[in-house]
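This structure is a prediction, so every number in the text was calculated from the model and none was measured. Whatever order the structure lists them in is the order used to number ligands and atoms, beginning at 1.
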Amino acid sequence: MKTIAIGVIGAGLIGRKHLAKIAAHPDFELAGIADVNAEQVAAQNPDARVFADYRAMLDEARPEAVIIASPNQLHAQNGIECARRGIHILIEKPVTDTLETATALIEATKAAGIRSLVGHHRRHHRQVATLRSLLNEGRIGDLVGVSAIWAVHKPDAYFSAAPWRTQAGGGPVLINLIHEIDFLRFSVGEIVAVGAVLSNRRRGFAVEDTAGVLIEFENGAIGSFFVSDSAVSPWTTEQGVGESPEFPFSGESSYRFMGSRGALEFPNLVQWTQASEAPNWNLPIQAQRIHAPTLDPYIAQLDHFRDLVRGEAASLQPVEDGARTLIATLAVAEAAASGQRIDLRERYGAC
Ligand SMILES: NC(=O)c1ccc[n+]([C@@H]2O[C@H](COP(=O)([O-])OP(=O)(O)OC[C@H]3O[C@@H](n4cnc5c(N)ncnc54)[C@H](O)[C@@H]3O)[C@@H](O)[C@H]2O)c1
């Protein structure tokens, strides 16, 4: 079958990762790269056509599909220009920077009839697919709640290299928690309300370094989340799965799902159950490990994007779904600032 001509907009940290995966993928052929740092990017990619202007890349290299890996503020305009040209998009998370720009992008993709996929790569892990099946088949009964942690210590250079990370929007809620919110929406169900407390006590930046979040799901389950980028721990999904070499493997679970008949740890997929039909706190509880193979989620994401572009699969996450993850994540900061519980149901209606 013919290969798919693909372009990449933005060859920074994640763009370079996508370029490496494309180079090793048999079903894609790199048509061109667009980056304002064209000279440097051309030196790093001597065999590629590199453009400083992404519109020139779209018009001259004529890709059938594009990966948008530019800064968040550019996602919407990049995506809209692709839609106008009938080009399918894999757009990095967050889908856009604001709800307004997300709405404009959603309208453009619908009007053009292009296919879209948001780069919440965690959806492509086999452990996630296995967790979803276990929860759906009622292995732990009805889900009562989930308790989760995402805590690591980012080095000082992370902030000095990019001072925007010290300001609103640059903290662990919008950069890191958004992946977890998306994972929870995907594995448990829709989030209907959030409440939160933020703290900047450790670093003293304008943006939070730590947060506690309360989550209500449509199915009645309750979630609590502790997130921090100034605490040392082995408990993040990145460390637990070992999904990339930047985050050394810990093999530890950072999620605990609790149901009416048992519990499940993630990503280790340890299932806890009692031998009796009638759950009872006086009975012993046993653990069973469930196996799911570990694979590179960025390659699995590319496989899915290929199927989507070829019209052989429905998108695991079109832009309108990415907008819901953005809405729920933005509401965390708003809930903390206002001290109010934020109900999301009406907001979802906007996209
Ligand atoms: N899915 C993931 O695991 C993951 C990980 C990191 C980043 N991201 C997301 O990917 C996006 C990029 O993040 P990053 O960390 O790679 O940022 P980065 O700053 O390292 O890279 C951005 C690149 O875009 C280029 N750029 C800027 N303006 C441009 C323009 N007008 N046209 C073309 N190129 C332009 C920059 O020169 C830079 O090379 C963000 O949306 C981020 O949230 C996703």
[Y]/[X] salt bridge by N-O under 4.0 Å criterion:
X	Y	result
E180	R122	yes
D27	K2	no
R203	D229	yes
E334	R347	yes

What part of [X] sits under 4.0 Å from ligand 1 if we count only heavy atoms: the side chain, the backbone, both or neither?
X	result
Y298	side chain
A162	neither
H120	neither

Can you name the atoms of ligand 1, numbered from 1 with element, that are less than 4.0 Å from a heavy atom of [X]?
X	value
K93	9 (C), 40 (C), 41 (O), 42 (C), 43 (O), 44 (C)
A34	33 (C), 34 (N)
G119	1 (N)

If you have a sec, work out which protein heavy atom is nearest [atom] and how many Å separate them, to one decimal?
atom	value
atom 1 (N) of ligand 1	E92 OE1, 2.9 Å
atom 41 (O) of ligand 1	N72 OD1, 2.5 Å
atom 39 (O) of ligand 1	D35 OD2, 2.6 Å
atom 11 (C) of ligand 1	S70 O, 3.3 Å
atom 13 (O) of ligand 1	I14 CG2, 4.0 Å
atom 21 (O) of ligand 1	G12 CA, 3.2 Å
atom 26 (N) of ligand 1	V36 CG2, 3.7 Å
atom 15 (O) of ligand 1	L13 CB, 3.6 Å

**Study point:** atom 17 (O) of ligand 1 protein-contacted (non-hydrogen atom, under 4.0 angstrom)
**Key:**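 Answer no: nothing from the protein, no heavy atom, is under 4.0 Å.
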
Practice item. Return yes when at least one protein heavy atom is under 4.0 Å from atom 43 (O) of ligand 1, and no when none is. Key: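 Yes, at least one protein heavy atom sits under 4.0 Å from atom 43 (O) of ligand 1.
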
Practice item. Could you tell me whether F225 and Y255 have their ring centroids closer than 6.0 angstrom? Key: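 Yes - the distance between ring centres of F225 and Y255 falls below the 6.0 Å cut-off.
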
Exercise for review: Would you check whether H75 reaches within less than 4.0 Å of ligand 1, judged by its heavy atoms?
Suggested key: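 The answer is yes: ligand 1 sits under 4.0 Å from a heavy atom of H75.
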
Check your understanding: Any N or O of L74 that comes nearer than 3.5 Å to an N or O of ligand 1?
Key ->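 No, no N or O pair falls under 3.5 Å.
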
Point to revise | Residues, nucleotides or ligands: over 12 heavy atoms within 6.0 Å of R126 CZ | key: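 No - once you tally the heavy atoms of other residues, nucleotides and ligands closer than 6.0 Å, there are 12 at most.
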
